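Since this is a predicted model, take the numbers as computed values, not measurements. Each ligand, and each atom within it, is numbered from 1 in the order the structure gives.
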Amino acid sequence: MRLSIIIIALAGLTLVHYADSQDLPPYRKPKHYPNRHRANAVKSAFQVSWDGYYQYAFPHDSLRPVNNTYEDDRNGWGASAVDAFSTALIMGNGKVVSQILEYIPTINFNQTDTQVSLFETTIRYLGGLLSAYDLITGPLHGNSSSVKVSAILKQAKRLADNLKVAFYTPSGIPDNQLNFNPPRRVGSSTNGIATIGTLVLEWTRLSDLTGDPEYALLAQRAEEYLLQPRPALGEPFPGLLGTNVDIDTGLFVDGSGGWGAGDDSFYEYLIKMYLYDPTRFKRYSERWVKAADSSIRYLVSHPTSRPDLTFLAMWENRTLNFVSQHLACFSAGNFILGGLTLDEPSYVRFGLDLVDGCYATYSSTLTGIGPEIFRWQDDSLPLNASYNKPPPANQTGFYETAGFWITNAGYVLRPEVIESYYYAYRATGNPLYQEWAWEAFTAINATCRIGSGYSSIKNVNKVNGGGFADFQESFWFAEVLKYSYLIFAEDAAWQVQADHSNEFVFNTEAHPIRIYGGRKGGRGRKRGGGGWERGGWGESFKGREQRAENWTRRRGWGRG
Ligand SMILES: *[C@@H]1O[C@H](CO)[C@@H](O)[C@H](O)[C@H]1NC(C)=O
Ligand SMILES: *[C@@H]1O[C@H](CO)[C@@H](O)[C@H](O)[C@H]1NC(C)=O
Ligand SMILES: *[C@@H]1O[C@H](CO)[C@@H](O)[C@H](O)[C@H]1NC(C)=O
Ligand SMILES: *[C@@H]1O[C@H](CO)[C@@H](O)[C@H](O)[C@H]1NC(C)=O
Ligand SMILES: *[C@@H]1O[C@H](CO)[C@@H](O)[C@H](O)[C@H]1NC(C)=O
Ligand SMILES: *[C@@H]1O[C@H](CO)[C@@H](O)[C@H](O)[C@H]1NC(C)=O
Ligand SMILES: *[C@@H]1O[C@H](CO)[C@@H](O)[C@H](O)[C@H]1NC(C)=O
Ligand SMILES: *[C@@H]1O[C@H](CO)[C@@H](O)[C@H](O)[C@H]1NC(C)=O
């Protein structure tokens with residue numbers, strides 16, 4: 001009781017402090033408020049999830065906590081163990097760390113019976129291994145035997161050596177799908193910008209750690225097609241792209257996109273590469289700036305029933321579609337990180353507005369958890385436009401107060417909303433974001449906890465979540481539990497910093513990768529603030545939402 005009164009008082013004070021002095025660059029490190037009690041509650045949830053996984057699923061990929069069995073949804077290489085690795089390290093969970101350390105050298109990355117996704121394998125397995133290696137050879141130095149530590153990097157290299165055939169295409173754009181034994185491309189004709197553009201951090205890091213330049217060259221060559229998109233169809237707004245690229249020619253085949261599934265982490269990595277190494281990746285940050293400026297100029301949308309909320313629309317060519325996803329809420333944190341990295345307050349402020357919108361998707365439902373996909377009616381376009389429809393009759397009441405209506409009510413243990421609270425908190429020090437993270441974490445803990453772990457649920461707007469899908473995603477370990485922990489944990493080398501003193505950058509699966517050469521984050525470009533007015537759009541929209549639904553159903557599209 002006393003504690004929460006103090007926290008509320010601090011929230012008020014910090015808001016004032018933020019408005020007074022943290023609002024303008026150069027950004028300084030704000031005061032933070034670690035909370036061991038809450039950090040330990042998150043550690044307990046990690047332990048429950050791990051114990052269930054270790055007993056009923058290890059060394060398979062994922063736990064089915066209701067039926068106490070497993071699923072090999074990520075090639076059977078122990079996805080949850082590798083995804084839990086960096087979280088166990090950061091939590092200082094020595095027992096789990098040694099269980100995973102023992103396991104890593106035994107994985108046979110040469111062998112799998114199921115199709116391999118280059119993207120999913122990169123962000124979960126390669127990212128998990130490289131992060132553990134960076135943590136154990138960096139700030140956690142001295143806790144593990146050097147033989148076991150060098151096996152981590154050796155396995156990362158073995159895995160990448162098996163995957164690299166994906167890039168041996170006419171254009172150098174990888175085929176995202178491989179069959180193994182031996183590794184070979186399935187022969188896809190196109191690949192999407194998220195699955196092309198979310199490799200470059202992990203593959204560059206592998207080259208920087210091993211001294212073999214090939215991995216970085218492969219990923220960066222593919223990325224070139226996204227940095228210089230062709231033809232014009234592929235870049236409907238400056239910096240904002242279509243989705244699918246022809247693997248033979250490197251040409252975009254559509255102009256549909258968004259900050260959600262299928263596109264998301266391409267934008268995310270543009271700024272993160274600059275944070276990783278501002279010398280090599282300045283061009284990447286310039287593309288991120290274009291995308292950020294266009295988003296603020298063209299995509300900002302406010303719901304008719306809640307004009308106080310800010311969401312980002314998706315697009316087909318230059319026609320907007322007023323739909324968003326849980327996945328897309330990462331963009332709030334990405335704008336904040338971009339603003340801190342480039343000393344640009346308008347990006348930080350905009351990111352904080354997006355955080356408020358994401359919070360509304362959680363606070364409005366019966367479980368206190370946000371839905372997978374939602375829509376709204378834009379308040380500045382004609383309400384009779386065919387692409388700006390009102391909600392269905394049975395959600396009119398919900399829309400009036402919530403500011404969105406639900407088109408896919410599931411929750412699959414995704415991290416993006418808590419992830420963005422984390423960035424908001426690290427940037428501002430405002431304990432309000434800790435409160436929101438605690439609300440989200442306790443809601444998830446209350447609704448998704450079942451059997452031997454935590455499960456995806458079917459309906460965030462039904463008491464008790466409308467039933468369990470009986471699946472504990474590996475990113476529950478890597479992301480939800482990590483961000484929930486870090487927002488209450490003490491300062492540390494891996495924490496995101498507001499003041500250009502970052503030592504790590506998180507990959508899209510929340511695995512912290514050590515910044516190149518111990519270099520500090522990129523410093524100080526000055527820009528004039530762009531106006532937030534909006535531009536024109538034309539024709540009516542078709543099919544985008546259906547496609548978003550399809551992407552979301554296929555695990556393996558978009559962010560981890
Ligand atoms: C769990 O197992 C029971 C009994 O074997 C089965 O009827 C049920 O369909 C299973 N549940 C799921 C979600 O697979
Ligand atoms: C080293 O391991 C011990 C126990 O396994 C743990 O308590 C301690 O926090 C670890 N130290 C670091 C720096 O992780
Ligand atoms: C995997 O394949 C590589 C290259 O052929 C070989 O050197 C290695 O021993 C194999 N590893 C296992 C576990 O089979
Ligand atoms: C987007 O542009 C392409 C190519 O010009 C066209 O085929 C497609 O119909 C357009 N989509 C919309 C919604 O206008
Ligand atoms: C919408 O309403 C306006 C004004 O009433 C009218 O001019 C316009 O043609 C209508 N548009 C559509 C698509 O019905
Ligand atoms: C609203 O009605 C549609 C169509 O009958 C139905 O599919 C949907 O589940 C309903 N949604 C809610 C929230 O009741
Ligand atoms: C999480 O759920 C468990 C089981 O219902 C409960 O014992 C625990 O207190 C909850 N933790 C928090 C922080 O609410
Ligand atoms: C979505 O998936 C359904 C069923 O697989 C398919 O029929 C439909 O064409 C897909 N829609 C889009 C836009 O990809």
What about Q395: any of its N or O atoms under 3.5 Å from an N or O on ligand 6?
-> no
Could you tell me whether Y103 and W77 have their ring centroids closer than 6.0 angstrom?
-> no
Looking at atom 11 (N) of ligand 6, is any protein heavy atom nearer than 4.0 Å to it?
-> yes
Which atoms of ligand 3 sit under 4.0 Å from any heavy atom of N110?
-> 1 (C), 2 (O), 3 (C), 8 (C), 10 (C), 11 (N), 12 (C), 14 (O)
Are the aromatic ring centres of Y133 and H511 under 6.0 angstrom apart?
-> no
Is any NZ, NE, NH1 or NH2 atom of the basic residue among K148 and E102 found under 4.0 Å from an Asp or Glu carboxylate oxygen of the other?
-> yes
Atom 13 (C) of ligand 3: the protein heavy-atom neighbour that sits closest, reported with distance to 0.1 Å | N108 OD1, 3.7 Å
Does the pair R74/D83 count as a salt bridge with the N-to-O cut at 4.0 Å?
-> no
Is the shortest distance from a heavy atom of Q111 to ligand 3 less than 4.0 Å?
-> no
Which ligand 4 atoms, with their elements, are less than 4.0 angstrom from a heavy-atom of N317?
-> 1 (C), 2 (O), 3 (C), 8 (C), 10 (C), 11 (N), 12 (C), 14 (O)
Given that the side chain starts at C-beta and the backbone is N, CA, C, O, which of these parts of T319 lies under 4.0 Å from ligand 4, counting heavy atoms, or is it both or neither?
-> neither
Is the gap between the ring centers of Y53 and W476 under 6.0 Å?
-> no
Could you please spell out the steps behind the ring-ring contact (aromatic ring centres under 6.0 Å, His included) verdict for Y387 and F322?
-> CA-CA 8 Å; Y387 47 91; F322 303 106; 7.2 Å; no
heavy-atom search around atom 5 (O) of ligand 6 in the protein gives N394 ND2, 4.8 Å
Which residue supplies the protein heavy atom nearest to atom 3 (C) of ligand 3, what is that atom called, and how far is it?
-> R158 NH1, 3.3 Å
Without swapping roles, check the side chain of N507 against the backbone of L201 for a donor-acceptor pair under 3.5 Å.
-> no
